[in-house]
Amino acid sequence: MIIKQADLEGYTAKDIQVLEGPQAVRRRPGMYIGSTDRHGLHHLVHEIVDNSVDEAMAGFCDRVAVTLEADGSVRVEDNGRGIPVETHPQTGKSALETVLTILHAGGKFGGQSYKVAGGLHGVGASVVNFLSEWLKVEVRRGGKLYRQEYRQGHAVTTVVEVGPSEGSGTTVSFLPDKEIFGQLDYSFEELCQRFREIAYLNKGLEVSFVSHWHTDERTFLFEGGIVSFVGHLNSTKQVLHPPIYILEQADATFVECALQYNDSYSETIYSFVNSINTVDGGTHLTGFRSALTRALNDYVRKQKLIKEDQPNLSGEDVREGLTAVISVKVTDPQFEGQTKTRLGNAEVRGIVESVVAEGLTIYLEDHSQEARRIIEKCLTTQKARDAARKAREMVIRKNALDGASLPGKLADCSERDPSKCEVYIVEGESAGGSAKMGRDRSFQAILPIKGKILNVEKARPDKVLAHEEIRALVTAIGGGIGEDFNLDKIRYHRIIIMTDADVDGSHIRTLLLTFFFRNMGSLIGAGHLFIAQPPLYRIQAGKEVLYSYSESQQMDGLKRLEGRKGLAVQRYKGLGEMNPEQLWETTMNPATRTILQVTVEDAHEADRIFTVLMGDEVEPRRNFISLYAKQVRNLDI
Ligand code: 0RA
């Protein structure tokens, strides 16, 4: 961009924004919405919905209706005040057109709206407009109905008064531009996830979603707000008490939190700022954590539930088995970090800490039975953590005595650079044998696992290491376990689970995934865990051999070789039916195999799946399997 000297006079921030028009955004959409895949597409929907949610947070709207049409266009309707249509003094255009054509213009109206600036959040309705083939907006306001239309971000009509209206509100419809997004790819469940979250965080707000694209619909409305949210997160667990709820306004900051302990060993804390999920936490979360530790320790000391010389409960002790949602509403949030998902406002920490500590203290004093159950759980955790530390130290010492010897049944590779090494964790002796013979021993190690390994959901962390199969796994991988797990020490950068394609195989795979998820989580996050994909069928016609890895591939293969002489079809029921060469060729040779990388995209949802499938409550498991059959299948690929 070249700016001549004369033009610089009177050059303001406003003009810079005008330069960032549709073309700039369309040239680099990723800068504004992250990507142009399904996530970017969903981002457009959320951007528009979030504007209506802001109106709800300001107290003027209690209904948002989202419709996904069969042609891929989206309609978002709310019953708020309606975007103002009068002329905006700085732009000379209507406020409506300003919001839809000027980058980041959203927060400039309505001083008390909780608009979030920066990062990928709240990039504004204009970005959606710029990335849409067309966009239409209707405003019901002051008894009149107004309409304006755009193409690729350019107004093609003025704001036209088209008739009278009842009530007030805003409706934005748009068709994401296929020039930007290619084929549109919407996920009903992913969209619902956020709509459900919004409804939880804004009690009394109805968010409905009708999709003619998926032929499905859902309505979310929670009178209980985040208390219902915590109930939902704990729905498959045994809880220790009804949810605790704290709500307080301190200056211009709203603090709201709900918490409930369950009898599991995991911690689930969700934090939000202005209805945005702060996955990287921040000052509000820090304040919450300090408050929890402080209030529980104060109570324990005051009630003399702990000996005087016994150490305080640690943060980990008070968070094991805790499910909590902390939601704050802040007027001028500062978001930090790469993805702008960490709250930076320093003053929020103290506000949250004192509100939560006070609320908790009052609750504990008023509810002595519930308090006793919570404290007992924390004290048990403290003891168990002590025991676990001793067990870990024992294993480390024992390994040192053994000369850090690797497990006997591990067939290690000769390469020593972890980034070049992989280990196959193989179910069963015979499959292990084939894998050992079929592998490339220079960089592939094989660890056979016998029978069903420990059900980690039911076992205490300190008991996990008592199990021989687990110890073999931990020593082979080499990075330790649990809190001591060190990603830098792992001996293989590809850890590949290889099991039979039957029910037992899928059970063992789920157990292993649970184990890794709970005890070596960062390994999944860093992309080191994989699932091998052995073929389901082998078709032979003369010299030509085809392997198929899915039923549809098998259909295609059969069609292709139809009518050939001597057509032979073999269905593999287990890895053991393949000879070493076949196993290498189909499942282990990096040049020809497919392996699936395990991600923890939604760690909580994964946790739910593990808990429900492995836990001992039969009823939720049955419900769950019918409800989430799709996800379970995905997990059990
Ligand atoms: C600022 C001021 C006013 C309304 C809105 C924003 C508004 C924006 C959106 C976006 C989607 N739905 C919306 N609803 C309302 C109104 C200020 C006033 O009437 O005094």
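Order of listing sets the numbers, starting from 1, for every ligand and every atom in it. We number each residue from 1, following the sequence as shown.
Counting only non-hydrogen atoms, the option in Glu86, Glu55, Glu77, Arg81 that gets closest to atom 16 (C) of ligand 1 is Arg81. Selection from Gly80, Pro84, Ala58 by nearest heavy atom to atom 6 (C) of ligand 1 gives Pro84.
Using cut-offs of 30° and 60° on the angle between ring planes, the pair Phe229 and His232 is tilted.
Near Thr170, meaning under 4.0 Å from any of its heavy atoms, are these atoms of ligand 1: 12 (N), 13 (C), 14 (N). Every atom of ligand 1 is numbered from 1 in the order shown, and the set under 4.0 Å from a heavy atom of Asn51 is 10 (C), 11 (C). Close approach of ligand 1 to Asp78 is summarised as follows: ligand atoms under 4.0 Å from at least one heavy atom of the residue are 11 (C), 12 (N), 13 (C).
Using a 4.5 Å cut-off on side-chain heavy atoms (C-beta onward), Tyr186 and Pro176 make contact.
Annotation: ring-ring contact (aromatic ring centres under 6.0 Å, His included) contacts of His212 (sequence neighbours excluded): none.
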Start with the C-alpha gap between Thr323 and Asn262, add the side-chain angles, then the distance that decides, and say whether side-chain hydrogen bond (donor to acceptor under 3.5 Å, both in side chains) holds.
-> CA-CA 7 Å; Thr323 299; Asn262 59 58; 3.2 Å; yes
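Under a cutoff of 6.0 Å and an axis angle of 45°, Arg218 and Phe209 do not form a cation-pi pair.
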